[in-house]
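What follows is a single structure, written as C-alpha cells, with notes after it.
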Amino acid sequence: QSLVRVVFHDRRLQYSEQQQLEGWRWSRPGDRILDIGGCRGGGGPGGGCRGRADPAPADIPLSVGILEPQIHPTLLNTVEFLWDPSRRTSVFVQVHCISTEFTLRKNGGEKGVPFRIQIDTFGAGGKGEPPEHLHSASCLVKVFKPKGADRKQKTDQEKVEKQPAAEREKFQPSYESTVLAEVR
C-alpha cells in the first residue's frame, strides 16, 4: 500500500500545514489538491477512483499497475493505492493548486512556495499491528499556470546556461517523468 501526499517543502509552512490546507478548503469548496490520473474527488461516472466503500476496480489513465486507488474525502492532499511489486508500476498524479495560492501577497509576480510530492509505502501488518513502513521517496515541485510555467522554465534555463560548466554539472537533467529521490 502506498500513500501519495502533496506537502509543503519549507519548514516554516510545515508547522502551519493543517491551517493552510483548511484555508484552501474553505476558499475552494469541493476541490481537491491531489488526484490520481483522471480521478476527481472519489470517482463517479467515468471516474475510475473510488472512496473507501466502493469495491469496483480502477481503470486509471496514464498509470500502470495501480490497484484500488482511494480518495480520502477529508484529506485533500492525499491519495492511496495498492500495487503489485512484481510488476513495473507508475502513477500519474495531478496537483490542482498552484504554488502562489499559499503566498501572503496575491498581486501577481509572487515567487510561489515549493511543494514536495511524497510517497510512503507500507507492507501489510499482522493482526492488530500497524503496517510496516517499507520506503519513502519525494521530489520538489512548483506548480504554475501554463504561462507562468513557461516563463519560469525559460528564466531558469537562462540562469543555468550562464553558470560555468563545472557548476552546470551539479544540476539534475530534465526528464519526461519525475524520478523520486529516496527520503533518508
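For this chain, numbers begin at 1 and follow the sequence in order. Since the structure is predicted, the reported quantities are computational estimates derived from the model, not experimental observations.
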Can you see whether Gln18 engages Glu22 through a side-chain donor-acceptor pair at a distance of less than 3.5 angstrom?
no

Spatial distance of atom CD (Gln70) from atom CG (Leu82) [nearest 0.5 Å]:
7.0 Å

Taking all atoms of both residues into account, what is the closest heavy-atom pair of Leu140 and Pro114, and its distance?
CD1-CB, 3.6 Å

Is there side-chain contact between Ser2 and Phe122, with heavy atoms separated by less than 4.5 Å?
no

Atom OG in Ser136, atom CD in Gln118: separation rounded to 0.5 Å?
5.5 Å

Going through the checks in order, is the side chain to side chain contact (heavy atoms under 4.5 Å, CB included) test met by Leu67 and Phe81?
CA-CA 6 Å; Leu67 309 169; Phe81 57 89; over 6 Å; no

CZ (Arg32) and NE2 (His72) are apart, to the nearest 0.5 Å, by 8.5 Å

Please verify the inter-ring angle class for Phe115 with Phe8; under 30° counts as parallel, over 60° as perpendicular, anything in between as tilted.
tilted

Leu34 to Asn77 - nearest heavy-atom pair and separation:
CD2-O, 3.6 Å

Is Ile98 reachable from Trp24 through a run of hydrophobic residues whose side-chain heavy atoms are each under 4.5 Å from the next?
yes

Could you check whether His96 and Asp35, counting side-chain N and O atoms only, form a donor-acceptor pair closer than 3.5 Å?
yes

Side chains of Val95 and Ile117: closer than 4.5 Å at any heavy-atom pair?
yes

Taking the side chain from Ser63 and the backbone from Phe92, do they hold a donor-acceptor pair closer than 3.5 Å?
yes

Gap separating the CG atom of Asp120 from the CG atom of Leu134, nearest 0.5 angstrom:
10.5 Å

Tell me, with the steps shown, if Thr121 and Trp83 meet side chain to side chain contact (heavy atoms under 4.5 Å, CB included).
CA-CA 10 Å; Thr121 301; Trp83 54 280; 3.8 Å; yes

Arg116 backbone acceptor or donor facing Arg5 side chain under 3.5 Å
no

What one should report as the nearest heavy-atom pair of Gly123 and Pro131 is O-CB, 3.2 Å

Are the side chain of Ser90 and the backbone N or O of Arg88 linked by a donor-acceptor pair below 3.5 Å?
no

What is the distance from atom CG of Leu21 to atom OG1 of Thr78, rounded to the nearest 0.5 Å?
8.5 Å

Considering all heavy atoms of both residues, which atom of Asp31 and which atom of Leu76 are nearest to each other, and what is their separation?
O-CD2, 3.7 Å

Transitive ILVMFWY side-chain link Leu75 to Val91, under 4.5 Å:
no

Determine, using the 4.5 Å side-chain heavy-atom cutoff (strictly less than), whether Val93 and Val7 are members of one ILVMFWY cluster.
no

Measure the spacing between CD1 of Ile66 and CZ of Arg87 and express it to the nearest 0.5 Å.
9.5 Å

